[in-house]
Student: 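Have a look at the structure that comes next, please.
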Number of protein chains: 2
Amino acid sequence: MTADTPIRDILSAHGLRPTRQRLLAGEILFDGCNKHITAEVLHREIMARGKDSVSLATVYNTLATFTGAGLLRSVTLDSGSVYYDTNTTDHHHIYDLNTRELSDLDASDIQIKGMPVLPDGKTLDRVDLIFRVK
Amino acid sequence: MTADTPIRDILSAHGLRPTRQRLLAGEILFDGCNKHITAEVLHREIMARGKDSVSLATVYNTLATFTGAGLLRSVTLDSGSVYYDTNTTDHHHIYDLNTRELSDLDASDIQIKGMPVLPDGKTLDRVDLIFRVK
DNA sequence: GTGTTTGCAAAGTGTTTGCAATTTA
DNA sequence: TAAATTGCAAACACTTTGCAAACAC
């Protein structure tokens with residue numbers, strides 16, 4: 001899945017039907033640039049294109065669907081709203097408390113030494129490392 | 001400030017007036033055991049004591065005040081609700097996605113190697129490291 | 001056709017706020 | 001008695017949901 005893979009193909013590769021709404025969202029999300037976006041902002045960007053309208057509820061549902069399919073990764077910060085990260089590879093984040101901007105940090109730059117002993121029968125889902133700056 | 005420091009003294013040491021509501025909240029929060037508690041749960045525990053009632057809004061305000069004073073540290077997870085951690089020393093967390101239970105991880109057990117280059121003029125507020133298990 | 005997805009509006013969840021009454025120093 | 005704090009209810013921000021209509025296969 002490279003930067004110029006048609007959205008249609010990305011969707012079908014993940015078993016998702018290429019609805020008008022998902023194609024519009026996909027065009028913005030998977031344009032080759034990593035982004036951290038909230039439902040509100042994605043909705044605004046879709047509307048700003050002026051092509052067609054997509055309801056906010058559908059944007060929420062679409063983001064959840066994409067995340068479930070492994071196309072996005074969600075990051076929750078203090079602010080209350082969820083950010084969706086188009087970079088699903090192993091990496092960390094820097095969060096600016098003042099601007100509320102979230103940026104990627106390559107996983108190879110930072111190493112976590114020592115894994116905790118997980119509770120019995122539990123498996124690691126993922127590790128979140130966030131550097132909060134202000 | 002040891003485990004059996006009167007709550008009254010903890011409050012005054014941080015410039016906080018010892019109101020009935022803060023004393024009640026403090027008795028539960030600062031009993032010597034580290035805890036991760038939400039506003040709802042703290043409110044329920046205060047009410048369960050049957051001594052006196054404290055409004056939920058005041059519990060929210062009190063938790064925010066305590067956090068501002070450095071008595072608590074807040075941790076936000078996917079669930080949407082904020083956890084308040086009575087352990088304000090440097091440490092990390094394990095979060096169980098199934099039970100929604102948050103536990104401490106001693107900072108000495110895990111080391112983060114390599115600090116990111118912070119954006120110009122920005123200072124590090126804190127580092128959050130959460131191991132998500134399920 | 002059949003099951004999936006959408007849009008709307010309504011409900012839900014967790015949190016904050018305005019303001020009068022109360023309490024603390 | 002002046003300033004801080006509380007409680008209530010209402011407002012708030014973000015998200016999910018129920019259900020009929022529209023759509024994809």
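Convention: sequence-line order gives letters A, B, ...; per-chain numbering from 1. As a basis for the values below, the full set of heavy atoms in this structure was taken, side chains included, without hydrogen atoms, waters or symmetry mates.
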Student: Can you confirm whether or not the ring centre of B:Y84 sits under 6.0 Å from the ring centre of B:Y60?
Tutor: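 No, ring centres 6.0 Å or more apart.
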Student: Below 4.0 angstrom from OP1 or OP2 of D:dT6, is there any side-chain N or O of B:T19?
Tutor: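 For B:T19, the contact criterion (side-chain N or O under 4.0 Å from OP1 or OP2 of D:dT6) is met.
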Student: Identify whether the distance between the nearest side-chain nitrogen and carboxylate oxygen of B:D128 and B:R126 falls below 4.0 Å.
Tutor: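 Yes, charged N to carboxylate O under 4.0 Å.
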Student: Quick check for you: among C:dT24, C:dC8, D:dT15, whose closest atom lies nearest to any side-chain atom of A:L56?
Tutor: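 Nearest listed nucleotide: D:dT15.
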Student: Taking the minimum atom-to-atom distance to the side chain of B:S81, which one of C:dG14, D:dA24, D:dA3 wins?
Tutor: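 Out of C:dG14, D:dA24, D:dA3, the nucleotide with an atom closest to B:S81's side chain is C:dG14.
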Student: Indicate, with a heavy-atom threshold strictly under 4.0 Å, whether B:S53 touches base, sugar-phosphate, or nothing.
Tutor: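 Sugar-phosphate only.
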Student: Taking only side-chain nitrogens and oxygens of A:R22, does any of them come within less than 4.0 Å of OP1 or OP2 of C:dT5?
Tutor: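 It does, given that an N or O in the side chain of A:R22 lies less than 4.0 Å from OP1 or OP2 of C:dT5.
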Student: Measure CD1/A:I46 against P/C:dT6 and give the value in whole Å, please.
Tutor: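 So the two atoms are 11 Å apart, to the nearest Å.
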Student: Distance check: side-chain N/O of B:Y60 vs OP1/OP2 of C:dT16, anything under 4.0 Å?
Tutor: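 No, no such contact exists.
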Student: Tell me which nucleotide among D:dT15, C:dC8, D:dT6 gets nearest to the side chain of A:A57.
Tutor: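 Nearest listed nucleotide: C:dC8.
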Student: At under 4.0 Å, does any side-chain N or O of B:Q21 touch on OP1 or OP2 of D:dG7?
Tutor: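 Yes.
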Student: Runs of at least three consecutive Watson-Crick or G-U pairs, both distances under 3.5 Å, are what I'm after; which ones involve DNA chain D?
Tutor: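 Ordered by first number, the stems with DNA chain D (at least 3 consecutive pairs each) read C:1-25 with D:1-25.
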Student: Start with the C-alpha gap between A:Y95 and A:V133, add the side-chain angles, then the distance that decides, and say whether side chain to side chain contact (heavy atoms under 4.5 Å, CB included) holds.
Tutor: CA-CA 6 Å; A:Y95 180 56; A:V133 302; over 6 Å; no
Student: Can a donor-acceptor pair be found, under 3.5 Å and without considering hydrogens, that links the side chain of B:H36 to the backbone of B:L102?
Tutor: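 Looks like yes, one N/O pair under 3.5 Å.
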Student: Select one nucleotide: of C:dT17, C:dT6, D:dT15, the one nearest the side-chain heavy atoms of B:N61.
Tutor: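 Given the options C:dT17, C:dT6, D:dT15, the side chain of B:N61 is closest to C:dT17.
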Student: Quick one: CE on A:M47 to OG on A:S53, what's the gap to the nearest 0.5 Å?
Tutor: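 Output value for this atom pair is 4.5 Å.
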Student: Figure out the CZ/C1' separation between B:R8 and C:dT23, and round it to whole Å.
Tutor: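 Whole-Å distance recorded here is 13 Å.
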Student: Could you work out which one of C:dG3, D:dA3, D:dG7 sits closest to the side chain of B:R20?
Tutor: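 Among C:dG3, D:dA3, D:dG7, the one nearest the side chain of B:R20 is D:dG7.
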Student: Taking NZ, NE, NH1 and NH2 as the nitrogens, is one of them in A:R73 or A:D85 under 4.0 Å from a carboxylate oxygen of the other?
Tutor: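 Looking at A:D85 together with A:R73, the answer is no, because their closest N to O distance does not fall below 4.0 Å.
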Student: Return no unless some side-chain N or O of A:T58 is found under 4.0 Å from OP1 or OP2 of C:dT6.
Tutor: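 No, outside the criterion.
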Student: Could you please name the option among C:dA25, C:dT4, D:dT6 that lies closest to any side-chain atom of A:R17?
Tutor: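 Of C:dA25, C:dT4, D:dT6, C:dT4 is nearest to the side chain of A:R17.
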Student: For the side chain of B:S55, counting heavy atoms from C-beta on, which of D:dG7, C:dT24, C:dC8 is nearest?
Tutor: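 Of the candidates, D:dG7 comes closest.
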Student: Check step by step if side chain to side chain donor-acceptor pair (under 3.5 Å) holds for B:H91 and B:D104.
Tutor: CA-CA 7 Å; B:H91 69 288; B:D104 282 351; 3.0 Å; yes
